[in-house]
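One structure below.
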Number of protein chains: 2
Amino acid sequence: MTVMETTGTRTDSCAGPPQQNRRPDGEDCYTISEVVALTGLTAHTLRWYERIGLMPHIDRSHTGQRRYTNRDLDWLDLVGKLRLTGMPVADMVRYAELVREGDHTYGERFELLKTTREDVLARIDELRGTLAVLDRKISFYADAGRALASERSR
Amino acid sequence: MTVMETTGTRTDSCAGPPQQNRRPDGEDCYTISEVVALTGLTAHTLRWYERIGLMPHIDRSHTGQRRYTNRDLDWLDLVGKLRLTGMPVADMVRYAELVREGDHTYGERFELLKTTREDVLARIDELRGTLAVLDRKISFYADAGRALASERSR
DNA sequence: CGCTTGCTTGGAGTGCACTCCAAGGTTCTA
DNA sequence: TAGAACCTTGGAGTGCACTCCAAGCAAGCG
């Protein structure tokens, strides 16, 4: 019975400081299941990321198995962050392409990140608005609950 | 050619104070396309919401056309907010069911909203973390851009 | 009256981001 | 050296949240 292909054991409580459990540069050579454990992604997703060009082509062992490096893990950290912003995968692939194309795409990358930054700020604002609505509703129900309780005790 | 079924004309710049362009209670009777204009949802989505139980059954005109009320618009406002939090539609349907079931579900609604509130707070925190990463990258590219510029002018 | 525009329905289709499968080769542990 | 656990591939499948379609009824206008 195969247990992997699921979320794996993330030991950090919840998004602590990144790059833990890593090997020093030079001997950084991780199997796909190690990357699963480190990132919380599934092996399926890692292979899929590579297929669609969201990852560079990953080095292979002499038998063709994937061997990830610290650099790959850094990239996956960034992808994870961008994913949290709700950025579509297609846009992340575009960013990956820019990185592959070399230094002359710095300007375009800069613009893309700035746009994303604006989006994130707008999103945070939206969420704050929602929070206000939620708090109003919650205090309504809290009051209603108290009213019901005093009703019962009377 | 039918132009509707698209986003429609939202006149408010971006999520200003809600309930504008509304008719006073008592003569609140909106066609589906008016609701499209007021909410930014499509008519498809409004009908779909009703089918899946995310809306109460909407009143009909004598010919069977939907006639929305201010109360319905209020509900759609709330649904819109909850949607922004990323709450799954199924959970919103659950909330709608609780509302339909009556006052004795206050406690459960309270819990649901509190959980959602926590989720929103966590989400805001995630986004703030992402913002930090983004800012670091952006300032890297800004520096690189400046370096390139001084390179050229030399 | 005819025409355009808008509304109705159930069911089928779409796009995204995975998620899984089958069949087979590889690596590790006892 | 056996057996379990792990890895490979292309392609098919899933779940969510819409999104669209066809066929037909209804309302307003010149």
Side-chain angles (χ1 to χ4, degrees), chain A residues 1-9 29-55 57-69 72 76 79-96 119, chain B residues 1-9 29-55 57-69 72 76 79-96 119:
Chain A
M1 195 240 298
T2 301
V3 181
M4 57 154 292
E5 308 295 29
T6 53
T7 310
T9 43
C29 168
Y30 308 86
T31 67
I32 201 166
S33 60
E34 286 173 313
V35 178
V36 165
L38 287 166
T39 62
L41 297 167
T42 71
H44 296 306
T45 302
L46 287 168
R47 289 190 278 256
W48 180 67
Y49 277 3
E50 195 179 334
R51 261 211 308 239
I52 65 174
L54 185 50
M55 297 284 302
H57 271 291
I58 301 299
D59 289 346
R60 303 301 162 111
S61 71
H62 65 106
T63 57
Q65 298 192 181
R66 287 173 179 77
R67 294 292 178 252
Y68 292 83
T69 64
D72 296 326
L76 283 170
V79 166
K81 294 291 184 195
L82 293 180
R83 206 169 44 124
L84 285 178
T85 69
M87 183 188 273
V89 167
D91 290 4
M92 291 193 270
V93 170
R94 174 81 192 123
Y95 185 76
D119 291 349
Chain B
M1 197 240 298
T2 301
V3 181
M4 58 155 289
E5 309 294 27
T6 53
T7 311
T9 43
C29 168
Y30 307 86
T31 66
I32 201 167
S33 60
E34 285 173 314
V35 178
V36 164
L38 288 167
T39 62
L41 298 168
T42 70
H44 296 308
T45 302
L46 287 168
R47 289 191 278 256
W48 179 66
Y49 277 2
E50 196 178 332
R51 260 209 308 238
I52 64 176
L54 184 50
M55 297 284 302
H57 272 291
I58 301 300
D59 288 347
R60 304 302 162 111
S61 71
H62 65 107
T63 56
Q65 299 193 182
R66 287 173 180 77
R67 294 291 179 254
Y68 292 84
T69 64
D72 295 325
L76 283 171
V79 166
K81 292 290 184 197
L82 292 180
R83 207 169 42 125
L84 285 178
T85 70
M87 182 187 273
V89 168
D91 290 4
M92 291 193 271
V93 170
R94 174 78 193 125
Y95 185 76
D119 291 349

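So that the names make sense, note that chain A is the first sequence line, chain B the second, and so on, each numbered from 1.
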Could you pull out the closest heavy-atom pair between [X] and [Y], with the gap in Å?
X	Y	value
B:I32	B:R66	CD1-CD, 4.1 Å
A:V93	A:L54	N-CD1, 3.9 Å
B:Y30	B:T69	CE1-C, 4.1 Å
B:A96	B:G53	CB-O, 3.6 Å
B:E34	B:C29	OE1-O, 3.9 Å

For the pair made of [atom1] in [X] and [atom2] in [N], what is the distance, rounded to whole Å?
X	N	atom1	atom2	value
A:E50	D:dC7	CD	C1'	13 Å
A:W48	C:dC18	CH2	C1'	6 Å
B:L54	D:dC16	CG	P	15 Å
A:I32	D:dC6	CD1	P	13 Å
B:D91	D:dG15	CG	P	17 Å
B:R47	C:dT8	CZ	P	5 Å
A:L46	D:dC7	CG	C1'	13 Å
A:E34	C:dT27	CD	C1'	13 Å

Contact check, residues 58-67 of chain A vs DNA chain D, heavy-atom distance under 4.0 Å, returns A:R60, A:G64, A:Q65, A:R66
Nearest to the side chain of [X] - [options]?
X	options	answer
B:R51	C:dG11, D:dC7, D:dC18	C:dG11
B:T45	D:dT19, D:dA17, C:dC18	D:dT19
A:S33	D:dC7, C:dT8, C:dG11	D:dC7

Which sits closer to the 5' end of DNA chain D, B:M87 or A:T31, going by the nucleotide each is nearest to? A:T31
Tell me whether the OP1 or OP2 atom of D:dA17 has a side-chain N or O from B:Y49 closer than 4.0 Å. no
Measuring to OP1 and OP2 of C:dC18, would you say a side-chain N or O of A:R83 lies under 4.0 angstrom away? yes
Non-neighbouring partners of A:Y95 that pass side-chain hydrogen bond (donor to acceptor under 3.5 Å, both in side chains), sequence neighbours left out: B:Y141
Could you check B:D72 against B:M55 for side-chain contact (heavy atoms from CB on, under 4.5 Å), going step by step and ending with a plain yes or no? CA-CA 8 Å; B:D72 295 325; B:M55 297 284 302; 4.1 Å; yes
